[in-house]
Amino acid sequence: GVRLEESGGGSVQAGGSLRLSCKASTYVHWMSWFRQGPGAEREAVAASAGGRSTYYNDSVKGRFTLTRDVGRNTVYLQMNDLTPDDTGMYFCAAPAAPYGGEWNDVSWYTQWGQGTQVTVSS
């Protein structure tokens with residue numbers, strides 16, 4: 001299966017910004033970001049469908065922007081105006097097939113990166 005590698009996490013103060021990157025070993029139609037905060041379930045953050053459609057969790061709309069470089073098999077998640085609620089491990093993910101699931105359904109995804117930590121302090 002495809003390999004996914006994230007980078008770009010770190011620690012910032014509230015109101016700060018971070019940019020995450022996820023590079024896939026080959027083209028995949030869906031490239032998505034999930035996050036998991038302390039003691040919380042993994043939740044969808046944003047997703048790119050073939051570089052043409054983008055989807056966002058309501059909690060990040062207006063603050064996060066997902067872009068995609070199709071030629072480089074890479075997605076970038078620009079995160080602005082970060083809050084402590086954004087703290088967590090961020091994972092890049094891809095489903096086994098480009099159909100048959102919902103972008104924000106964690107159970108649809110079969111390939112996961114190792115994750116990158118984002119910590120936002122108040």
Side-chain angles (χ1 to χ4, degrees):
V2 63
R3 295 186 306 278
L4 303 168
E5 183 173 358
E6 306 98 335
S7 61
S11 297
V12 296
Q13 290 189 326
S17 299
L18 284 172
R19 187 192 194 210
L20 307 183
S21 299
C22 172
K23 182 171 176 59
S25 58
T26 188
Y27 175 81
V28 285
H29 183 73
W30 286 92
M31 290 187 73
S32 305
W33 284 97
F34 284 76
R35 67 186 179 188
Q36 188 163 15
E41 294 187 353
R42 196 167 295 190
E43 66 172 356
V45 176
S48 167
R52 297 175 181 174
S53 299
T54 309
Y55 304 84
Y56 296 96
N57 184 312
D58 285 346
S59 67
V60 306
K61 283 180 180 177
R63 301 188 298 122
F64 291 13
T65 302
L66 184 66
T67 57
R68 183 166 182 170
D69 185 332
V70 177
R72 289 185 168 86
N73 297 325
T74 301
V75 289
Y76 305 95
L77 184 66
Q78 178 66 43
M79 306 186 296
N80 297 329
D81 195 20
L82 286 160
T83 76
D85 287 342
D86 295 315
T87 293
M89 187 71 78
Y90 282 66
F91 299 91
C92 185
Y99 50 83
E102 297 293 331
W103 78 269
N104 56 356
D105 183 354
V106 65
S107 67
W108 185 41
Y109 291 81
T110 56
Q111 306 299 323
W112 295 85
Q114 81 286 355
T116 185
Q117 178 68 35
V118 171
T119 302
V120 184
S121 58
S122 58

Heavy-atom check, side chain of [X] versus side chain of [Y], under 4.5 Å:
X: Thr65; Y: Tyr56; result: yes
X: Val28; Y: Gln111; result: no
X: Met79; Y: Leu20; result: yes
X: Asp81; Y: Phe64; result: no

Self-check item: More than 12 heavy atoms from other groups under 6.0 Å of CD on Gln117
Solution: yes

Quiz item: Are Phe34 and Tyr109 close enough, and set up right, to give a ring-ring contact (aromatic ring centres under 6.0 Å, His included), and what steps lead you there?
Solution: CA-CA 10 Å; Phe34 284 76; Tyr109 291 81; 4.8 Å; yes

Value rounded to 0.5 Å, distance of [atom1] in [X] from [atom2] in [Y]:
X: Arg52; Y: His29; atom1: CZ; atom2: NE2; answer: 8.0 Å
X: Ser53; Y: Leu66; atom1: OG; atom2: CG; answer: 11.5 Å
X: Trp33; Y: Thr116; atom1: CH2; atom2: OG1; answer: 7.0 Å
X: Ser48; Y: Asp69; atom1: OG; atom2: CG; answer: 11.0 Å
X: Met31; Y: Leu4; atom1: CE; atom2: CG; answer: 5.5 Å

Indicate every side-chain donor-acceptor pair of residues 96-106 with a distance under 3.5 Å to a residue at least two apart or in another chain.
| residue | atom | partner | partner atom | Å |
| --- | --- | --- | --- | --- |
| Asp105 | OD1 | Ser107 | N | 3.0 |
| Asp105 | OD1 | Ser107 | OG | 2.7 |
| Asp105 | OD2 | Ser107 | OG | 3.1 |

On a heavy-atom basis, which atom in [X] and which in [Y] lie closest, and how many Å separate them?
X: Arg68; Y: Gly50; answer: NH1-N, 3.3 Å
X: Ala14; Y: Ser122; answer: CB-CA, 4.3 Å
X: Val118; Y: Leu18; answer: CG1-CD1, 3.8 Å
X: Ser121; Y: Pro84; answer: C-CG, 4.3 Å

Practice problem: Give the cluster check for Val2 versus Val75: same hydrophobic cluster or not, with ILVMFWY residues linked at side-chain heavy-atom distances below 4.5 Å. | Solution: yes

Exercise. Step by step, work out the side chain to side chain contact (heavy atoms under 4.5 Å, CB included) result for Phe91 and Met89.
Key: CA-CA 6 Å; Phe91 299 91; Met89 187 71 78; 3.3 Å; yes

Without placing hydrogens or testing angles, list every side-chain donor-acceptor pair under 3.5 Å for residues 35-46, not counting sequence neighbours.
| residue | atom | partner | partner atom | Å |
| --- | --- | --- | --- | --- |
| Arg35 | NE | Glu43 | OE2 | 2.7 |
| Arg35 | NH1 | Asp86 | OD1 | 2.9 |
| Arg35 | NH1 | Tyr90 | OH | 3.0 |
| Arg35 | NH2 | Glu43 | OE2 | 3.1 |
| Arg35 | NH2 | Ser59 | OG | 3.3 |
| Gln36 | OE1 | Arg42 | NE | 3.2 |
| Gln36 | OE1 | Arg42 | NH2 | 3.3 |
| Gln36 | NE2 | Ala40 | O | 3.1 |

Quiz item: Is the side chain of Glu6 donor-acceptor paired with the backbone N or O of Cys92 at a distance under 3.5 Å, no angle test?
Solution: yes

Self-check item: Sidechain-backbone polar pair: Thr87 side chain, Val120 backbone, donor-acceptor under 3.5 Å
Solution: yes

